[in-house]
Protein chains: 2
Amino acid sequence: MARVTSQRPPASVGQPTLDEVARVAGVSRATASRAINGGQRVSARAQSAVDTAVRTLGYVPNPAARSLVTRRTDSIAVVVPEPDDRVFSDPFFAGTLRGVTRVLGERDIQLVLLLARPGASTARTLRYLTNRHVDGALVVSHHRDDRLAEHLADIGLPCVFGGRPWTGGDRVAYVDVDNVAGEREATEALVARGCTRIGTIAGPADMTAAEDRLAGWRQAMSSAGLAADAVEHGDFTEASGEAAARALMERHPDLDGLVVASDLMAAGALRVLAELGRRVPDDIAVVGFDDLGVAERTSPALTTVRQPVDEMAERATRLLLERVDEPDSRPMRVIIPPTLVRRASA
Amino acid sequence: MARVTSQRPPASVGQPTLDEVARVAGVSRATASRAINGGQRVSARAQSAVDTAVRTLGYVPNPAARSLVTRRTDSIAVVVPEPDDRVFSDPFFAGTLRGVTRVLGERDIQLVLLLARPGASTARTLRYLTNRHVDGALVVSHHRDDRLAEHLADIGLPCVFGGRPWTGGDRVAYVDVDNVAGEREATEALVARGCTRIGTIAGPADMTAAEDRLAGWRQAMSSAGLAADAVEHGDFTEASGEAAARALMERHPDLDGLVVASDLMAAGALRVLAELGRRVPDDIAVVGFDDLGVAERTSPALTTVRQPVDEMAERATRLLLERVDEPDSRPMRVIIPPTLVRRASA
DNA sequence: CCGTTGCGTGGAAGCGCTCCCACGAACCGG
DNA sequence: CCGGTTCGTGGGAGCGCTTCCACGCAACGG
């Protein structure tokens with residue numbers, strides 16, 4: 001008489017295990033495993049037996065068990081430190097997500113969205129990343145105060161930043177558009193069309209992209225011998241663009257050119273300019289930054305600096321996957337040249 | 001002489017295991033585990049010894065190992081079948097994500113974003129969900145053809161739908177706004193203000209929300225004894241709203257009221273109406289649906305039906321977590337009443 | 001003819017964790 | 001003072017998988 005030794009429920013019913021596949025296929029568990037994972041060193045006979053068994057049983061490998069031994073999870077995190085509402089609705093974020101999923105889809109890797117809540121410390125995020133719940137991390141929209149780049153470098157998790165991080169930029173890989181060159185080019189375009197009083201609406205001072213664009217504007221202004229005194233900061237939202245434009249036009253009513261660090265802010269600025277009765281581009285020429293859809297829909301359509309977010313996200317993701325596969329490789333930087341897209345506003 | 005039997009690298013160096021914690025704390029692995037997980041049946045002495053050990057070693061439990069035995073992953077999926085670009089930039093999606101993360105943050109549960117690529121079959125998604133990589137699924141923005149609800153009910157994965165699914169609505173839980181009532185109320189508001197020729201821009205016919213809103217419009221029109229003949233369909237984007245408005249005004253130049261199934265489409269419609277020289281609301285009153293930010297920024301500001309997405313997402317997430325904890329509970333439906341927000345456009 | 005190679009295979013050892021169970025100690029009321 | 005309860009504890013099994021290793025076998029060159 002067989003001793004009944006089952007002490008727990010017999011594993012969630014209906015979920016076949018590798019053992020059962022092996023039994024049905026008439027091979028050992030080891031062979032079944034090999035057959036399922038690429039089929040190296042497996043005879044054609046065994047392979048097809050396993051394939052059949054997998055199909056008839058509806059077998060799906062248990063990812064936890066697999067991950068326990070392989071030490072890989074086949075998932076990466078997209079980290080958004082302190083996501084204000086802005087992040088979600090920002091076309092930049094949308095494009096990023098699109099680019100990332102496109103690449104991940106090719107390799108059956110999943111995306112874990114890690115959103116630190118506003119105000120919450122990054123401790124939770126770091127703890128999650130530390131315990132290797134994911135194979136790597138893609139960090140977007142980071143701010144000055146979170147020293148995420150350094151922390152991630154410390155724990156040795158493969159990671160790639162979207163946009164140059166404030167600190168630790170030499171220790172982590174990142175993909176960025178050449179913000180300085182982009183905004184310089186934008187400014188030069190205004191100079192070339194004859195503007196002499198050019199102001200700028202910059203982004204939040206705690207983001208490198210914003211600072212770099214501001215630097216680009218300054219460079220171009222200085223090269224042209226123009227005074228770089230008309231600066232106002234926004235936070236990349238449309239509303240902040242309106243406010244900044246209003247303040248700027250009040251302080252410098254003589255502006256004939258406006259370099260704005262994002263299209264969304266530029267859209268806000270255009271609205272204010274229309275309100276004030278300034279014709280664009282005749283009275284004042286405006287150039288934006290991003291070209292992620294908004295620029296085409298403003299009136300007048302916005303001349304802007306295009307950053308190819310989708311492509312950048314793709315590059316970043318591929319870079320990350322490479323680093324996951326090859327953790328000891330040197331952190332790489334990819335700097336993508338932006339292009340000026342001429343429309344009606346300048 | 002000790003036999004050297006290490007056959008593999010000694011576990012990824014630096015990652016302490018529960019064994020080491022137990023050793024340092026001077027207790028057994030079982031006790032250490034108990035202390036770490038809530039501390040039931042653990043003496044104060046043991047508890048603090050373990051706590052200290054955890055801290056000094058920087059121990060973080062290996063989620064794969066834990067998940068292997070508990071059969072839980074402490075993560076849920078947010079499933080977006082066929083995400084066109086629209087989904088990402090849609091404030092609806094943004095709000096949903098915000099609501100979901102808020103709830104998940106309370107319980108240290110992670111969010112896996114499952115985006116079926118456009119055109120790709122849902123097979124991959126289903127496979128992923130089948131193998132219990134996540135504890136549950138929240139499905140948003142599903143379309144008619146993916147029989148996701150039924151599939152998920154079949155595999156028995158706890159899931160909650162955002163919006164009533166086309167089929168299988170009786171087998172899965174969902175949270176929805178009362179679209180019929182909402183659009184009926186919107187239409188009635190136009191009737192009340194004296195409109196007699198009321199058209200509608202409906203959403204895509206393969207989404208229940210769109211169909212329900214259309215039904216609400218029809219109901220109100222019929223109750224008021226008005227002809228429900230001016231219907232045009234869009235896909236919830238601003239561009240489609242423009243096109244639909246154009247078509248509608250061409251076919252029915254006498255319209256004095258317009259019920260639009262989303263604010264984004266309404267924004268497009270407003271633009272077209274301005275272009276055609278129709279004054280809103282004097283010549284034609286317009287009412288939208290959503291109230292997720294866009295409505296406040298159109299000109300004139302949009303009277304609209306507010307659906308509290310954040311709250312809905314929260315409710316849906318809580319519902320999902322309940323079902324994860326209590327898989328045998330009956331699938332619940334939460335129908336949230338929308339409210340009409342009166343602004344300038346009607 | 002026999003070592004050598006290479007290939008396909010299965011046995012078995014874990015991966016790091018949870019949790020069942022048995023065990024001893026402390027505590028209780030009778 | 002003793003049987004019964006409660007409590008804290010550790011041993012150990014096992015979750016489902018990958019992978020090391022040893023083994024048998026056919027093919028092959030000397």
Side-chain angles (χ1 to χ4, degrees), chain A residues 3-23 25-50 53-54 57 59-74 130-133, chain B residues 3-23 25-50 53-54 57 59-74 130-133:
Chain A
R3 269 232 350 258
V4 176
T5 43
S6 81
Q7 311 188 339
R8 327 188 166 199
S12 62
V13 200
Q15 292 280 29
T17 71
L18 186 59
D19 264 307
E20 297 170 49
V21 172
R23 197 178 317 132
V27 299
S28 73
R29 202 171 58 238
T31 301
S33 175
R34 259 173 256 135
I36 287 165
N37 301 302
Q40 294 294 70
R41 296 207 174 318
V42 175
S43 66
R45 234 166 49 87
Q47 180 72 54
S48 77
V50 171
V54 165
L57 291 176
Y59 170 76
V60 195
N62 178 321
R66 173 177 281 175
S67 157
L68 182 56
V69 37
T70 59
R71 296 173 179 290
R72 295 193 38 152
T73 63
D74 289 324
T130 308
N131 69 6
R132 298 294 168 146
H133 216 310
Chain B
R3 273 242 333 268
V4 177
T5 43
S6 80
Q7 312 188 339
R8 328 188 164 197
S12 64
V13 200
Q15 293 280 29
T17 71
L18 186 59
D19 266 306
E20 297 170 48
V21 172
R23 197 179 318 131
V27 298
S28 73
R29 201 170 59 241
T31 301
S33 174
R34 260 174 255 134
I36 287 165
N37 300 302
Q40 294 295 69
R41 296 209 174 315
V42 175
S43 66
R45 234 166 50 86
Q47 180 72 53
S48 77
V50 171
V54 165
L57 291 175
Y59 169 76
V60 195
N62 179 319
R66 173 177 282 178
S67 156
L68 182 55
V69 36
T70 59
R71 297 172 177 290
R72 295 194 38 153
T73 62
D74 291 323
T130 307
N131 68 7
R132 301 291 169 150
H133 216 309

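Proteins get letters first, then strands, A, B, ... in listed order; numbering begins at 1 in each.
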*Asks:* Is the shortest side-chain heavy-atom distance between B/I36 and B/L18 below 4.5 Å?
*Replies:* yes
*Asks:* Considering non-hydrogen atoms only, spot the tightest contact between B/V60 and A/T130 and give its length.
*Replies:* CG2-CG2, 4.2 Å
*Asks:* Using whole Å, what does the distance between atom P of nucleotide D/dC20 and atom CZ of A/R29 come to?
*Replies:* 15 Å
*Asks:* If you check every side-chain atom of A/T70, which of D/dT18, C/dT9, C/dT18 has the closest atom?
*Replies:* D/dT18
*Asks:* How long is the straight-line distance from CD of B/Q47 back to CZ of B/R34, given to the nearest 0.5 Å?
*Replies:* 11.5 Å
*Asks:* Near DNA chain D, which residues from residues 30-38 of chain A have a heavy atom under 4.0 Å away?
*Replies:* A/A30, A/S33, A/R34, A/N37
*Asks:* Counting just side-chain N and O atoms, does A/R71 come under 4.0 Å of either OP1 or OP2 of C/dG16?
*Replies:* yes
*Asks:* Provide, to the nearest angstrom, the distance between the CD atom belonging to B/Q15 and the P atom belonging to C/dC15.
*Replies:* 14 Å
*Asks:* Check every strand shown and say whether B/A64 touches a base, only sugar-phosphate, or nothing at a heavy-atom separation below 4.0 Å.
*Replies:* nothing
*Asks:* Quickly work out the A/R41 CZ to D/dA22 C1' distance and round it to whole Å.
*Replies:* 14 Å
*Asks:* Would you please test B/N62 and B/T17 for side-chain contact (heavy atoms from CB on, under 4.5 Å) and show each step?
*Replies:* CA-CA 8 Å; B/N62 179 319; B/T17 71; over 6 Å; no
*Asks:* Could you pick out which residue, B/R45 or B/A65, lies toward the 5' side of DNA chain D when each is mapped onto its nearest nucleotide?
*Replies:* B/R45
*Asks:* Identify the two heavy atoms, one from A/V27 and one from A/A46, that lie closest to each other, and give their separation to 0.1 Å.
*Replies:* CG1-CB, 4.3 Å
*Asks:* Taking the side chain of A/T17 as heavy atoms from C-beta outward, which of D/dG16, C/dG16, D/dG8 is closest to it?
*Replies:* D/dG16
*Asks:* Starting from the 5' end of DNA chain C, give me the residue, B/N62 or A/V42, whose nearest nucleotide shows up first.
*Replies:* A/V42
*Asks:* Can a side chain N or O of A/S67 be found less than 4.0 Å away from OP1 or OP2 on D/dC17?
*Replies:* no
*Asks:* About how many Å separate CZ of A/R66 and CG of A/N37, when rounded to the nearest 0.5 Å?
*Replies:* 4.5 Å
*Asks:* When you get a sec, tell me which of C/dG16, D/dG10, D/dC17 is the closest nucleotide to the side chain of B/L68?
*Replies:* C/dG16
*Asks:* Send over the distance from B/L18 CG to D/dA13 C1', rounded to a whole Å.
*Replies:* 16 Å
*Asks:* Just the rounded figure in Å: distance from P of D/dC15 to CD of A/E20.
*Replies:* 11 Å
*Asks:* Counting only side-chain heavy atoms from C-beta out, which of D/dT9, C/dG16, D/dC17 sits nearest to B/V69?
*Replies:* C/dG16
*Asks:* Quick one: pull up CG in A/D19 and OG in A/S33 and give me the separation to the nearest 0.5 Å.
*Replies:* 11.0 Å
*Asks:* Between atom CZ in B/R66 and atom P in C/dC15, what is the gap in whole Å?
*Replies:* 19 Å
*Asks:* Once you round it to whole Å, what is the distance between P of D/dC17 and CG of A/L57?
*Replies:* 12 Å
*Asks:* How long is the span from the CG atom in A/L68 to the CZ atom in A/R71, to the nearest 0.5 Å?
*Replies:* 7.5 Å
*Asks:* Can you tell which of C/dG10, C/dC17, C/dG14 lies closest to the side chain of A/V27?
*Replies:* C/dG10
*Asks:* Tell me: CD of B/Q40 to P of C/dC19, nearest whole Å?
*Replies:* 12 Å
